[in-house]
Number of protein chains: 2
Amino acid sequence: MTDLTVQPKPLSRTGGIRDVARQAGVSIATVSRVFNDAGTVSQDTRERIMHAAALLSYEPSSLGRNLVRGRSYLVGLIVPNISVPLYGTMIQGIEDVLARHQMSALLGSSRDRPDTEARVAQGLLGHAVDAGIVINSQVGAALPVQRMRGWVHISPEIPGLPWRVELDNEEGGRLAARELLRNTSSGSPRTALAYVGAPGRESLERERGFAAELALAGLNYRRVVGDYSEQSGLEAGLELLQFPLDAVFVAGDLMAAGVLRALHRSGRNVPTQVAVVGFDDSLIAPLLYPRLSTVRQPAYQMGAAAAQMALDLIAGLAVTPMTFSPVLVRRESTDPSPEPPFTPDEGRSSSR
Amino acid sequence: MTDLTVQPKPLSRTGGIRDVARQAGVSIATVSRVFNDAGTVSQDTRERIMHAAALLSYEPSSLGRNLVRGRSYLVGLIVPNISVPLYGTMIQGIEDVLARHQMSALLGSSRDRPDTEARVAQGLLGHAVDAGIVINSQVGAALPVQRMRGWVHISPEIPGLPWRVELDNEEGGRLAARELLRNTSSGSPRTALAYVGAPGRESLERERGFAAELALAGLNYRRVVGDYSEQSGLEAGLELLQFPLDAVFVAGDLMAAGVLRALHRSGRNVPTQVAVVGFDDSLIAPLLYPRLSTVRQPAYQMGAAAAQMALDLIAGLAVTPMTFSPVLVRRESTDPSPEPPFTPDEGRSSSR
DNA sequence: TTGTACGCGTTATCAT
DNA sequence: ATGATAACGCGTACAA
């Protein structure tokens with residue numbers, strides 16, 4: 001364990017506002033005015049001050065500023081697991097918006113364990129974050145809020161939170177159903193459908209939309225429950241294959257990867273024999289074989305919206321919940337065109 | 001644009017150290033001593049103070065503390081792109097170590113553009129980070145360092161940096177070569193080999209190890225250059241298929257996904273006709289079809305090591321560079337066992 | 001063991 | 001347009 005109390009060379013102290021004031025022959029108040037574009041300063045003295053500052057390579061200390069302003073310009077961020085690609089995309093959206101406002105995100109990970117969530121939140125509060133954002137919170141409104149504005153939630157699981165960004169999961173289910181019911185190239189409609197879900201509200205809502213759309217066509221469907229893992233998708237797929245099957249909607253892309261694998265092992269062709277639609281449009285979707293058609297969550301935009309909410313919260317503005325609409329991304333697992341052309345959307349994920 | 005100057009209700013001020021001192025009938029110095037385990041305080045007064053603090057729900061303001069200590073307890077983090085799974089894993093490692101020391105990571109993304117890297121660094125410095133970590137820096141030693149200890153690099157591209165964590169890429173190339181040269185189940189050794197690389201030092205080192213190991217067996221190899229994208233892997237694969245081919249080493253998992261796709265399209269069986277080894281063991285590797293054998297970067301450990309370096313740097317300790325060794329992860333793309341059993345390693349990626 | 005008093009670097013108010 | 005000065009909340013020599 002590193003002993004953080006050790007601090008040999010206390011970082012050569014840079015010149016402060018006082019030094020600049022002395023150098024420029026003015027008071028510290030005027031220097032402050034210049035660096036905050038506040039009040040009025042004559043062009044002449046402004047230049048003298050800027051020159052002196054450059055000479056001493058001075059810049060205002062955020063430590064001092066934060067103290068007197070009572071703000072840290074930090075937004076806490078709690079993520080279940082940073083390496084989940086979908087979350088990564090959300091974080092990008094958050095980061096972009098915050099950076100544009102000279103603010104930064106303080107990262108905290110609850111490591112997929114609900115019980116640590118409050119502890120992580122407390123740790124972030126220890127850094128005096130002005131507000132916070134929680135992705136897929138398990139705790140909900142119970143998070144601590146000392147000296148901060150509040151937590152914005154990106155999460156479908158806990159309804160009723162005042163500041164939240166969510167996806168219209170039911171609409172996602174409808175989109176999936178419509179895609180699977182499109183006439184196949186052979187002209188024969190699909191009739192043996194299935195849903196692979198998972199525990200939780202999120203999956204239930206997706207299923208509700210899926211079921212509603214099927215009902216319109218007078219169709220029923222088989223139902224299996226997994227846990228969003230690939231393994232559970234594989235098991236679900238093997239189970240479904242004991243019965244007739246020509247279309248599957250899976251509540252997550254990772255789990256859909258497992259379903260696809262089950263189909264490969266049983267020798268079924270996708271999409272001609274069985275069509276598959278996933279959910280999320282995580283970056284693995286276009287890498288699967290065949291490329292997975294899926295319901296896209298606009299993760300980047302959802303992150304950006306949450307960040308904007310946090311900023312509004314800090315500014316004391318009114319904030320209302322937002323619901324985003326999913327979009328269906330058609331790829332090879334539902335589209336039987338033999339040699340699909342490459343579009344910029346596919347394949348060109350980020351390098352590495 | 002939100003106007004951050006708006007700040008209606010300045011967050012009801014919590015009781016400060018003064019209030020606690022008054023309530024407990026002691027001086028603020030004694031309160032401070034209690035909360036910092038410094039000096040000596042009688043058991044009696046300590047309890048009185050703790051009680052008063054609890055009563056007023058007081059906790060020390062990090063803003064004030066940071067100012068007087070001249071530290072922010074923040075570590076800046078610059079990542080090319082947060083949604084890259086491999087980076088996500090590194091960040092997890094960083095976060096875990098920092099959190100264990102009451103510190104936090106301030107997130108910055110250079111959005112895959114080298115020119116923004118210095119700007120992002122400057123932004124993090126604006127928050128007075130104590131030190132920083134840069135993943136795959138393009139800028140290297142040129143990053144600004146005002147009032148901070150320095151930047152730890154996780155990066156192979158820029159040698160000579162004093163504080164760095166890197167992977168033994170050459171060893172990775174050797175591992176890949178050995179795996180591809182293993183006798184096949186049919187007993188006939190592979191002789192038509194290829195390397196799919198990319199620009200940059202990293203790929204060159206991997207190739208060097210690969211080539212050296214092949215040379216030991218008296219073998220040569222064909223060579224194609226991509227850019228780590230899936231698309232470039234597909235193109236590379238199609239190009240290689242114009243010649244005899246029974247083994248490919250690809251410098252990145254994403255690009256390997258493209259190579260696999262090219263092999264599918266041409267009807268080759270993997271691994272019986274062509275064996276494939278990727279690089280990184282990014283979380284996509286076990287999701288590809290077939291599951292991809294690959295050279296694993298210990299990303300989590302590399303992140304953790306970098307964080308520890310940053311902590312040591314802050315503590316003023318001596319820091320020396322570290323090199324990590326890769327490990328070969330054998331999966332279906334080199335191992336022709338017909339129905340591979342599921343190991344905890346495979347399939348069970350994080351949920352979602 | 002406890003208290004006094006100063007400093008940390010800045011912003012903001014009120015004079016001038 | 002500019003200056004003097006009081007906060008901001010805390011840590012810490014130094015004194016008691």
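Not measured: the values here are computed from a predicted model. A note on names: the letters A, B, ... follow the listed sequences, proteins ahead of strands, and every chain is numbered from 1.
- Rounded to whole angstrom, the span from the CG atom of A/L63 across to the C1' atom of D/dG9 amounts to 12 Å.
- Within the 4.5 Å cutoff, no side-chain heavy atoms of A/M309 are placed close to those of A/H153.
- Considering only side-chain N and O atoms, A/N36 lies under 4.0 angstrom from the phosphate OP1 or OP2 of C/dT11.
- A salt bridge does not link B/R100 with B/D96: every distance from a Lys NZ or Arg NE/NH1/NH2 to an Asp or Glu carboxylate oxygen is 4.0 Å or more.
- Taking the nucleotide of DNA chain C with the nearest heavy atom to each of A/Y58 and B/I28, the more 5' of the two is matched to B/I28.
- The side chain of A/T45 contributes an N or O atom lying less than 4.0 Å from OP1 or OP2 of D/dT2.
- Between B/R46 atom CZ and C/dT2 atom C1' there is a gap of 13 Å when expressed in whole angstrom units.
- Distances were taken from every side-chain heavy atom of A/T40 (C-beta onward) to each of D/dA1, C/dT11, D/dT2; the shortest belongs to D/dA1.
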Trace of the salt bridge (charged side-chain N to carboxylate O under 4.0 Å, His left out) decision for A/R147 with B/E59: CA-CA 10 Å; A/R147 316 201 214 205; B/E59 8 185 354; over 6 Å; no

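- Counting any heavy atom pair closer than 4.0 Å across all strands shown, B/F35 reaches no nucleic acid atom.
- Using a 4.0 Å cut-off, no side-chain N or O of A/S61 falls inside it from OP1 or OP2 of C/dG9.
- Of the listed nucleotides (C/dT11, C/dG3, C/dT2), C/dG3 has the atom at the smallest distance from the side chain of B/A29.
- Residue-to-nucleotide contacts include a donor-acceptor pair under 3.5 Å from the side chain of A/R18 to the base of C/dG9.
- With distances taken from any side-chain atom of A/S27 to the nucleotides D/dC10, D/dA4, C/dT10, the minimum falls on D/dA4.
- Take the nearest nucleotide of DNA chain D for A/S42 and for B/L67: the residue whose nucleotide is more 5' is A/S42.
- In this structure, B/Q122 and B/Q146 have side chains that are in contact, with non-hydrogen atoms separated by less than 4.5 Å.
- Between A/Q43 atom CD and D/dT2 atom C1' the separation is 16 Å, expressed in whole Å.
- By the 6.0 Å contact criterion, CZ on A/R201 is enclosed, its count of non-hydrogen atoms from other residues, nucleotides or ligands being greater than 12.
- Checked by atom type, the side-chain pair B/N136/B/E157 shows no donor-acceptor distance below 3.5 Å.
- Separating the CZ atom of B/R33 from the P atom of D/dC10 is a distance of 16 Å, rounded to the nearest angstrom.
- B/S32 has a side-chain polar atom (N or O) that falls below the 4.0 Å cut-off from OP1 or OP2 of D/dG11.
- In this structure, A/L56 places its CG atom 14 Å from P of C/dG9, rounding to the nearest Å.
- Taking the side chain of B/V68 as heavy atoms from C-beta on, and the options C/dA5, C/dT11, C/dG7, the nearest nucleotide is C/dG7.
- Nucleic acid contact for A/I17: base, since at least one base atom lies under 4.0 Å from a heavy atom of the residue.
- Residue A/R22 contributes atom CZ, which lies 13 Å from atom P of D/dA4 at whole-angstrom precision.
- When rounded to the nearest whole Å, the span between CZ of B/R147 and P of C/dC8 equals 13 Å.
- Here the P atom of nucleotide C/dT10 and the CG atom of B/N66 are 15 Å apart, to the nearest Å.
- In this structure, A/E59 reaches the sugar-phosphate backbone alone: every heavy-atom distance under 4.0 Å involves primed, P, OP1 or OP2 atoms, never a base.
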